[in-house]
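Encoded as structure tokens, the structure appears first; notes follow it.
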Amino acid sequence: MSDESTLPQFAAIVVAAGKGLRAGGELPKQFRRFRGKPLIRHSVEVLAAAGAEPIVAVLADDTRDMAEEALSGIGGIEFVGGGATRQESVANGLEALAATSPQTVLIHDAARPDLPSEVIRRLLGALQTHPGAIPALPVVDSLALAGDGEMMAGKADREALRRVQTPQAFRYANILAAHRAWNGEKTAGDDAQVLTEHGGSIALIHGDERLKKITFAEDFMTAHSAPFRVGQGFDVHRLVEGEELWLCGVQIPHDKGLSGHSDADVALHAITDAVLGAIGDGDIGTHFPPSDPQWAGARSAQFLEHAVKLAAEAGFALGNIDLTLICEAPKIGPHRPAMRAAVGAMTGLEENAISIKATTTERLGFTGRGEGIAAQAIISLYASA
Ligand code: MG
């Protein structure tokens, strides 16, 4: 923005004292990486660029080091300890500004990383005529009242309702007085409520869908990494007499079978490697080393089931499988329905998401001479956490 200097002087309080347990993971969510930097840094950078001075970051006591690292290089930041509730944390932030006594203050949640500068401009503009202003959006879905047993007990009129976001903007003296006067036995939903109960009026300015609050692990997964992954796998086993032939967990009558340490199910090995590849977690040999006697003659279904479980732990579910078997014989077509059903049972996929194709190599090469069977698989995963 070229005309940021025209914004009136304002301070900002960024509330980051929550432990963020709902988002999972080891770090409190405000310090977890989101699109390449700590979550809290996104909105603090925008506030700093818009001219907020000072910016008070309200933190749980044991996260000061993390916060200093997360916000390193941004000037004008003061760190303040949080309280037992969000409301107490905001009150601490407001008291920390008492010496500066700014004209206006924006109070923002660190969990809303995308803060359009137009919203800051609209909020500060509204403060010229009101002691408080908050971003709000209309409700577009219809609303139901939930009764006992999650039964619909009625409907609510959405026309008069708004979804409230942060930052919330206030004339500093008004919000400080309102917080100081608040009845300590009650908990306020937000700072706008604190001001209105103290007699202040709040202007609703148009919010922004980008101000979405990051709450659940799913938000992190879909927003900070690709929501889709792909993986490919390739495998070959030798055809020999006197072995059973297993493909996709189905035993197929044939004059030869595949040899290998496990049941040598070349198709499941290719699919398993594709799943492991998509989550960047090694290959089938890493997880089930042929040198380990416990896998001698093992059913390969357990390899695929294990890979699907690892993918789930990494936050991904299988989207589809596309498998190609490369051999002159046996004919795959007659066994395809049983193979799809078996792979569906191992993966939880619907059969229309499991493609099993077969091709020959025109009698060329080792597959053409019937010396072995090759398989290649491509799979997709989608974020599911
Ligand atoms: Mg293999």
Side-chain angles (χ1 to χ4, degrees), residues 229-312 314 316 318 320-332 335-336 338-349 354-361 364-381:
R229 296 280 184 91
V230 295
Q232 66 92 29
F234 178 78
D235 196 26
V236 171
H237 279 266
R238 189 183 294 273
L239 273 171
V240 297
E241 286 175 6
E243 289 279 359
E244 294 175 347
L245 176 58
W246 289 84
L247 291 172
C248 290
V250 175
Q251 189 175 8
I252 293 173
H254 193 47
D255 59 349
K256 291 178 180 173
L258 291 173
S259 82
H261 195 64
S262 64
D263 65 8
D265 190 324
V266 68
L268 292 185
H269 293 184
I271 297 170
T272 301
D273 259 356
V275 174
L276 294 171
I279 58 171
D281 192 357
D283 59 26
I284 197 167
T286 319
H287 294 276
F288 308 100
S291 55
D292 188 336
Q294 71 169 305
W295 308 123
R299 285 175 59 253
S300 295
Q302 68 189 297
F303 301 160
L304 178 55
E305 286 161 2
H306 185 68
V308 170
K309 182 165 154 269
L310 290 174
F316 289 97
L318 262 179
N320 74 302
I321 296 171
D322 189 5
L323 172 79
T324 302
L325 286 161
I326 303 163
C327 58
E328 300 291 330
K331 290 252 174 280
I332 299 301
H335 306 287
R336 186 177 288 121
M339 291 161 71
R340 291 174 89 190
V343 172
M346 291 168 215
T347 59
L349 281 177
I354 302 168
S355 157
I356 296 174
K357 313 198 298 300
T359 187
T360 72
T361 49
L364 296 169
F366 70 86
T367 54
R369 293 188 296 270
E371 296 167 5
I373 296 179
Q376 60 185 30
I378 294 182
I379 62 99
S380 68
L381 298 178

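One-based numbering, in listed order, for ligands and for the atoms of each.
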Over all heavy atoms of both residues, which pair between G370 and L239 is shortest? Give the atoms and the distance, please.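 Where G370 meets L239 most closely, the heavy atoms are O-CD1, 3.6 Å.
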Without swapping roles, check the side chain of R229 against the backbone of A278 for a donor-acceptor pair under 3.5 Å.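 Side chain of R229 to backbone of A278, a donor-acceptor pair under 3.5 Å: yes, one is there.
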Could you check whether atom CD1 of I378 has more than 12 heavy atoms from other residues, nucleotides or ligands sitting under 6.0 Å from it?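 Count not over threshold, so no.
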Restricting to N, O or S atoms, which atom of [X] is closest to the Mg ion (ligand 1)?
X    : answer
H237 : NE2
D235 : OD2
H269 : ND1

Could you give all pairs that pass the side chain to side chain donor-acceptor pair (under 3.5 Å) test and reach residues 259-273, with sequence neighbours left out?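 Qualifying pairs: D235-H269, H237-H269, S262-H269, D263-S300, H269-S300.
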